[in-house]
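One structure below.
Chain identifiers are assigned alphabetically (A, B, ...) following the order of the sequence lines, protein sequences preceding nucleic acid strands; residue numbering begins at 1 within each chain. These numbers come from a predicted model, not from an experiment.
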Number of protein chains: 2
Amino acid sequence: MGQRGEQLQAEMLTIMDQNSGPISAYDLLEKLRSSNAKMAPTTVYRALASLTEQGRIHRLESMNAYVPCQHDHHHQSSILSICDDCGSVEENVAPDVLNQLETVVGENGFSAKRHVIEVHGLCGTCDSEEAVQ
Amino acid sequence: MGQRGEQLQAEMLTIMDQNSGPISAYDLLEKLRSSNAKMAPTTVYRALASLTEQGRIHRLESMNAYVPCQHDHHHQSSILSICDDCGSVEENVAPDVLNQLETVVGENGFSAKRHVIEVHGLCGTCDSEEAVQ
DNA sequence: TTGTGGAATGTTATATTATAACGTAAAGAG
DNA sequence: CTCTTTACGTTATAATATAACATTCCACAA
Ligand SMILES: [Zn+2]
Ligand SMILES: [Zn+2]
Ligand SMILES: [Zn+2]
Ligand SMILES: [Zn+2]
């Protein structure tokens, strides 16, 4: 792996870790431009693709945004729960759910390669606050 | 001039039923323009939103595309399995999976409102064909 | 009948997300 | 030092989606 790639990716991870929630590719680009004014979308998307392949970040398909992995980056498909109120995301690895899912889709011979499991709703904190009102 | 709500939506459903797989909003727009050359993206997106709210179609978040519902349109969140080879989509309703999912995300008090469950892979047919080669 | 309010649509413009195509530069191997 | 590979730069454009406001249609009531 080239040193150049890792440096950009590390900076992107830092930004994403410091960000309170999911970040879009273009918001990330804007932040990156403070250290490199000429950064282009292409570069960001390439690095995002690499980080995603490595499992270091996950793409939220239902939001066109990205979050850092919250677990060991070699885990299987995870469940991402997204609070629509505060924007927080929690990642859960649950082999049981995956197994059941594969059973269901496998009934007609479907062979699963990639799972997208995203749950929208309210996190514990926001849900409690709703109840008060 | 324009087709009022239900008529447009019915035409969109027909197009989607005749289409072999998921269709993008703009591909749908292009087909609609054969009967109404001035149709605009806004109109299509509005009708897609309405059909989605009614449960008559589902949006594939991981593909930016839409498919007709394959079940009674009042069912709970379903599992959409997408063949990356032939583009076919199968819809499964599986309460057990949902229950398990809610249990997992509920561990920290998360309250689920909407589930996105999309599985990419190979359908039975395409998987068999792969094996032959 | 005619007016009127709300929903759907038209119209125009723009925002947001993502990739294509091709050239250049950097790092590592030998 | 050359070769190769990969990352990166640059420019352009494609693809997806929404904002903002005007207009039209239609149900329904005055
Ligand atoms: Zn992860
Ligand atoms: Zn929250
Ligand atoms: Zn359905
Ligand atoms: Zn297939």
| task | Hey, which sits more toward the 5' end of DNA chain D by its nearest nucleotide, B/Ala65 or A/Met39? | result | A/Met39

| said: What I want to check is whether an N or O donor and acceptor connect the side chain of B/Tyr26 with the base of D/dA17 at under 3.5 Å. | reply: yes

| task | Please confirm whether any donor atom in the side chain of B/Thr43 sits under 3.5 Å from an acceptor in the base of C/dA8, or the reverse. | result |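 No such pair is found, so the answer is no.
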
| query | Quick one: does A/Ser35's side chain get under 4.5 Å of A/Glu11's, heavy atoms only? | reply |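 Sidechains of A/Glu11 and A/Ser35: in contact.
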
At less than 4.0 Å, is any side-chain N or O atom of [X] found next to OP1 or OP2 of [N]? Yes or no.
X	N	value
A/Asn64	D/dA17	no
A/Ser24	C/dT17	yes
B/Arg46	D/dA19	no
B/Asn36	C/dT9	no

| said: Main chain of A/Ser50, side chain of A/Gln54: is a donor-acceptor contact present, judged purely on distance under 3.5 Å? | reply: yes

| message | Quick check against the 3.5 Å criterion: does A/His75 have a side-chain atom that pairs as donor or acceptor with the backbone of A/Val93? | response |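 Between the backbone of A/Val93 and the side chain of A/His75 there is no qualifying donor-acceptor contact (under 3.5 Å).
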
| Does A/Met63 CE have over 12 foreign heavy atoms under 6.0 Å away? | no

| said: Rounding to an integer number of Å, can you tell me how far A/Leu29 CG sits from C/dT16 P? | reply: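 The distance from CG of A/Leu29 to P of C/dT16 comes to 13 Å, rounded to the nearest Å.
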
| message | Starting the side chain at C-beta, find the nucleotide from D/dC8, D/dA17, C/dT19 nearest to A/Leu8. | response | D/dC8

| query | On DNA chain C, nearest-nucleotide positions of A/Tyr66 versus B/Ala40: which is more 5'? | reply | B/Ala40

